[in-house]
Visitor: 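Dropping the structure in here first, questions after.
A, B, ... follow the sequence lines: proteins, then strands. Residue 1 opens every chain.
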Amino acid sequence: MPGVQFTILESTCVPLPVENIDTDQIIPARYLTATSREGFGEKLFRDWRYKPDGKPDKEFVLNNPGYKGSVLVAGRNFGCGSSREHAVWALYDYGFRAVISSFFADIFKNNALNNGLLPVVIPPDTLEHLFMLVKKDPSMKIRIDLEHQLLEIPKAGLAVRFDINPYKKECLLKGLDDIDYLLSLKGEIETFEKNKAK
Amino acid sequence: MKPRTLFDKIWDAHVVKSIPGGPDVLYIDMHYIHEVTSPQAFEGLRRRGIKVFRPAKTLATADHNIPTIDQHLPVKDEIARNQIDTLGRNTREFGINFFGMQHEHNGIVHVLGPELGCTRPGMTIVCGDSHTSTHGAFGSIAFGIGTSEVEMVLASQCILQYRPAAMRINISGTLKNSVTAKDLIMFIISKLSSGGATGYFVEYAGEAIESLTMEGRMTVCNMSIEMGARGGLIAPDNTTIGYVREKSAKANRTVTAREIEYWSTLRTDPGAVFDKEITFDAAEISPMITFGTNPGMAMPVNGTIPEPPDGEKEAASYLKSLAYMNFSPGMKLEGHKIDYVFLGSCTNGRIEDFRAFASVIKGRKKADTVTALIVPGSKMVEKQIYAEKLDRVFREAGFEIRQPGCSSCLAMNDDKVPPGKYAVSTSNRNFEGRQGPGSRTILASPLTAAAAAITGRITNPSEIIPTNLT
Ligand code: SF4
């Protein structure tokens, strides 16, 4: 998705304290048959959201009206497994704009950054603390400030810095697109090819 | 000059430009695509009104959602058919070579690249598929990418990447009997855990690795991603060069003396530093199976399911995983009844895997209670199976050989394992629902899968003496 901008996000959170959530859970393979990027939100966590008989599973957090918001808080190693970008599209299409975890799988993180979904990495004990806070008060708001790389919970007096690579940060802040950049390098790429052939 | 790793040598040779404080612009030699992760990338090109920059460096196949029976007929599933047709249209419009379902070179993307001599040492290779790491077996930098990145490569033959950290895993000594490349990599993943190599690119080295065939090396590199690694690679040697030569000759591709000279420089310099280095003894490794819902949850076939790890959250995730499998800590799985066996996938769908499976089932009969899905990784593998008359061995033992594709590895087609059923599978992922909603996957080598198919139970393959195939 070219040029999605991300600056500051304020929202309540949806907690999903499960570790090693793989992309097959985020979006099962049988829903990967579309040829556009839209509409995957409906299938997000399909097999956790619905029981085999098709009825919503009330136990699952996305079916709990108490938890809403555009920030998903998840256990460590989120997004492992298949490289399918559909997982990110599904999260984005559903309405998520950031995912907080103590650890993300590589390809997922890249895919997220390429689509304006911000992966926020925080230390494991801060993540535990956050799960606890959200559980206590589902209406609690958090604030993610990309420019200053800060995750804040004003109500709890909490502020944590998070890392993001500077290039991706710049792209997100300005809504810049990688492909436009690469296309601007055409001359250099052709020179590289010529030198390599020598 | 400072000693460099194999990885650094290949990477450095492909950097078009380094963005200060940012990623490198990395040139890509070979780009594989398939029907599932490419349509949105082509759509993006169209929206921008641009062409594919180097169409000859991209190769397309349909593999993920094709049926494994009646491939001569139109695909019944309308949505799958639409996706395959879309790839056909896209590749025609943008001038890319496409091995569709009817093509003699059709197959799983990671099986056909190597067998056509397209995957070579020293290359940078990407594909919108996490198991692209397979191609690292040739001493190339190969890794999976997302669809936005597929679009980047189509548009510019380049990708923006940060140099990953370097890890070397040494396997000393020799593997025991009945212990295969699959057991070796499952063992490594069980030691490192499913996220243990995140951020790293792994070089596999040591005696046990060097003595593997190319197909075995592909199995090892294939599953690198299952411990979170960006990819894995193995320095090219005579085994590699011989394999590339043979496959290239068959596919009418030339290998020049200059290439071979270059390939022989592709090894880690003595004294090169890795961010992390680990050594295992091959003699420690036994035939392996998984017992949970990620590939890190593995143990020897005759092992006991370990107790939950420390930490409340970790233990809860672990027990949730076991509950899905209907297993519990302290349980032994040897002798446990199973319902399905799947031989195939980009991990174990090559000819050697079929030979290994056949060596166990020859002269025996499949258990009546087992449904077996036997799926070659490509049309060329299929052809070879028939040429070697392995099909007879399979038939006589009560197995039916399907047509090539990803099949039950991710169950996008009809090859699903029903809810609650146990499948011993030679594929690479045992995630919840991976082989169909509610399916329970136990990953294993082709030998272990064959033993299970014969006994209908989880069985140590070294206890079923393979009948030699001559
Ligand atoms: S066989 Fe399985 S892992 Fe390999 S490419 Fe196909 S779906 Fe992916």
Side-chain angles (χ1 to χ4, degrees), chain A residues 1-2 17-20 22-25 28-30 32-37 46-48 52 75-77 80-89 103-108 110-112 114-115 124 127-128 131 165-168 170 178-183 185-186 188-189 191-193 196, chain B residues 13 16-17 19 21-23 25 27 36-37 39-40 43-44 47-48 50 53 64-65 77 79-80 82-83 86 128-130 132 144-149 151-152 155-158 160 162 164 194-195 198-199 225 228 230 294 313-314 316-317 320 410-412 419 429 431-434 437-438:
Chain A
M1 215 178 315
V18 180
E19 303 195 331
N20 298 318
D22 58 75
T23 51
D24 277 73
Q25 307 316 318
R30 58 186 191 282
L32 304 183
T33 41
T35 55
S36 80
R37 287 171 197 247
R46 179 62 179 67
D47 294 345
W48 287 0
R76 76 180 299 281
N77 202 19
C80 58
S82 154
S83 63
R84 60 188 70 154
E85 200 159 314
H86 310 69
V88 171
W89 301 335
F103 197 87
F104 290 94
D106 268 345
I107 306 183
F108 177 86
N110 248 330
N111 287 340
N114 282 337
N115 286 276
L127 183 68
E128 286 311 303
F131 277 132
N165 73 54
Y167 171 82
K168 276 293 168 199
E170 198 63 16
D178 285 336
I179 295 178
D180 286 338
Y181 171 71
L182 285 171
L183 289 172
L185 297 182
K186 206 167 169 191
E188 284 170 73
I189 297 169
T191 310
F192 174 89
E193 286 177 327
K196 209 173 168 239
Chain B
V16 175
K17 181 189 176 114
I19 305 169
V25 178
Y27 190 82
V36 179
T37 57
Q40 293 86 354
E43 206 39 57
R47 228 177 16 224
R48 289 168 200 270
I50 55 175
F53 184 56
H64 278 66
N65 59 25
D77 183 304
I79 309 170
N82 176 41
Q83 211 171 41
T86 302
D129 189 283
S130 51
T132 309
I145 57 177
T147 301
S148 296
E149 293 168 313
E151 190 180 337
M152 282 183 208
S156 68
Q157 204 56 39
C158 288
L160 295 166
Y162 286 86
S194 67
T198 302
I225 181 78
R230 206 65 185 92
N294 71 60
K313 199 115 290 134
E314 287 83 0
S317 294
K320 177 178 177 283
L410 88 167
M412 274 188 83
R429 285 188 174 142
F431 298 154
E432 285 184 25
R434 172 80 175 181

Visitor: Are the side chain of Glu19(A) and the backbone N or O of Ser317(B) linked by a donor-acceptor pair below 3.5 Å?
Guide: no

Visitor: Would you mind checking which part of Ala316(B) comes under 4.5 Å of any heavy atom in chain A, side chain (CB onward), backbone (N, CA, C, O), both or neither?
Guide: neither

Visitor: If you tally heavy-atom pairs under 4.5 Å against chain B, which of Ile189(A), Leu183(A), Thr23(A) wins?
Guide: Ile189(A)

Visitor: Do the side-chain N and O atoms of Ser36(A) and Glu43(B) include a donor-acceptor pair separated by under 3.5 angstrom?
Guide: no

Visitor: Do Glu193(A) and Tyr27(B) have side chains that approach each other closer than 4.5 Å (heavy atoms only, starting at C-beta)?
Guide: yes

Visitor: Taking every heavy-atom pair that is under 4.5 Å apart, which of Glu128(A), Lys168(A), Arg84(A), Arg76(A) has the most such pairs with chain B?
Guide: Glu128(A)

Visitor: Under 4.5 Å from any heavy atom of chain B, what part of Pro17(A) do you find: side chain, backbone, both or neither?
Guide: both

Visitor: If you count heavy-atom pairs under 4.5 Å with chain B, which of Gly75(A), Ser82(A), Ala105(A), Pro166(A) comes out on top?
Guide: Ser82(A)

Visitor: Which heavy atom in Gly146(B) sits nearest to a heavy atom in Glu85(A), and how many Å separate them?
Guide: C-OE1, 3.0 Å

Visitor: Which bit of Ile225(B) comes within less than 4.5 Å of chain A, counting heavy atoms only: side chain, backbone, both or neither?
Guide: side chain

Visitor: Looking at Pro164(B), Gly199(B), Gly128(B), Gly22(B), which one has more heavy-atom pairs under 4.5 Å with chain A than the rest?
Guide: Gly199(B)

Visitor: Among Thr147(B), Ile19(B), Asp129(B), single out the residue with the greatest number of heavy-atom pairs under 4.5 Å to chain A.
Guide: Thr147(B)

Visitor: Measuring from Phe53(B):CZ to Leu182(A):CG, what's the distance to the nearest 0.5 Å?
Guide: 10.5 Å

Visitor: Sort Ile50(B) into side chain, backbone, both or neither according to what part of it lies under 4.5 angstrom from a heavy atom of chain A.
Guide: side chain

Visitor: Mind ranking Gly438(B), Ser194(B), Gly44(B) by heavy-atom pairs under 4.5 Å with chain A and telling me who comes out on top?
Guide: Ser194(B)

Visitor: Give, as side chain, backbone, both or neither, the part of Val25(B) having an atom under 4.5 angstrom from any heavy atom of chain A.
Guide: side chain

Visitor: Which one, Gln157(B), Lys320(B), Glu314(B), leads in non-hydrogen pairs under 4.5 Å with chain A?
Guide: Glu314(B)

Visitor: Measure across Pro39(B) and Ala34(A) and return the closest heavy-atom pair with its distance rounded to 0.1 Å.
Guide: CG-O, 4.2 Å

Visitor: Against chain A, label Arg429(B) side chain, backbone, both or neither, depending on which of its atoms sit under 4.5 Å from a heavy atom there.
Guide: side chain

Visitor: Exactly one of Asn114(A), Ile179(A), Asn111(A), Val88(A) should register a side-chain contact (heavy atoms from CB on, under 4.5 Å) with Ser148(B). Which one does?
Guide: Asn114(A)

Visitor: Give a yes or no on whether the backbone of Val16(B) and the side-chain of Glu188(A) come within a donor-acceptor separation of less than 3.5 Å.
Guide: no

Visitor: Do Asp22(A) and Asn294(B) make a side-chain contact, defined as non-hydrogen atoms from C-beta onward lying under 4.5 Å apart?
Guide: no

Visitor: Return the CG to OG distance between Asp180(A) and Ser156(B), rounded to the nearest 0.5 Å.
Guide: 11.0 Å

Visitor: What is the distance from atom OH of Tyr162(B) to atom CG of Asp106(A), rounded to the nearest 0.5 Å?
Guide: 13.0 Å

Visitor: Is chain B contacted by the side chain of Tyr167(A), its backbone, both, or neither, given a heavy-atom distance below 4.5 Å?
Guide: both

Visitor: With a 4.5 Å heavy-atom cut-off, do Glu149(B) and Asp178(A) have their side chains touching?
Guide: no

Visitor: Show your working on side-chain contact (heavy atoms from CB on, under 4.5 Å) between Lys17(B) and Leu185(A) and close with a plain yes or no.
Guide: CA-CA 9 Å; Lys17(B) 181 189 176 114; Leu185(A) 297 182; 3.9 Å; yes

Visitor: Do Pro437(B) and Arg46(A) touch side chain to side chain, with heavy atoms closer than 4.5 Å?
Guide: no

Visitor: Look only at the side chain of Gln83(B) and the backbone of Leu32(A), and say whether a donor-acceptor pair between them is shorter than 3.5 Å.
Guide: yes

Visitor: State, with a plain yes or no, whether a side-chain heavy atom of Lys313(B) is found less than 4.5 Å away from one of Leu127(A).
Guide: no

Visitor: Does the side chain of Arg230(B) come within less than 4.5 Å of Ile107(A)'s, by heavy atoms?
Guide: yes

Visitor: Counting only heavy atoms not in Lys186(A), do more than 12 sit closer than 6.0 Å to its NZ atom?
Guide: no

Visitor: Give the minimum heavy-atom separation between Asp24(A) and Arg434(B), together with the two atoms involved.
Guide: OD1-NH1, 3.1 Å

Visitor: Give the C-alpha distance, both sets of side-chain angles, the deciding distance and a yes or no for side-chain contact (heavy atoms from CB on, under 4.5 Å) between Thr33(A) and Asn82(B).
Guide: CA-CA 8 Å; Thr33(A) 41; Asn82(B) 176 41; over 6 Å; no

Visitor: Measure Phe104(A) against the heavy atoms of chain B and call it side chain, backbone, both or neither at under 4.5 Å.
Guide: backbone

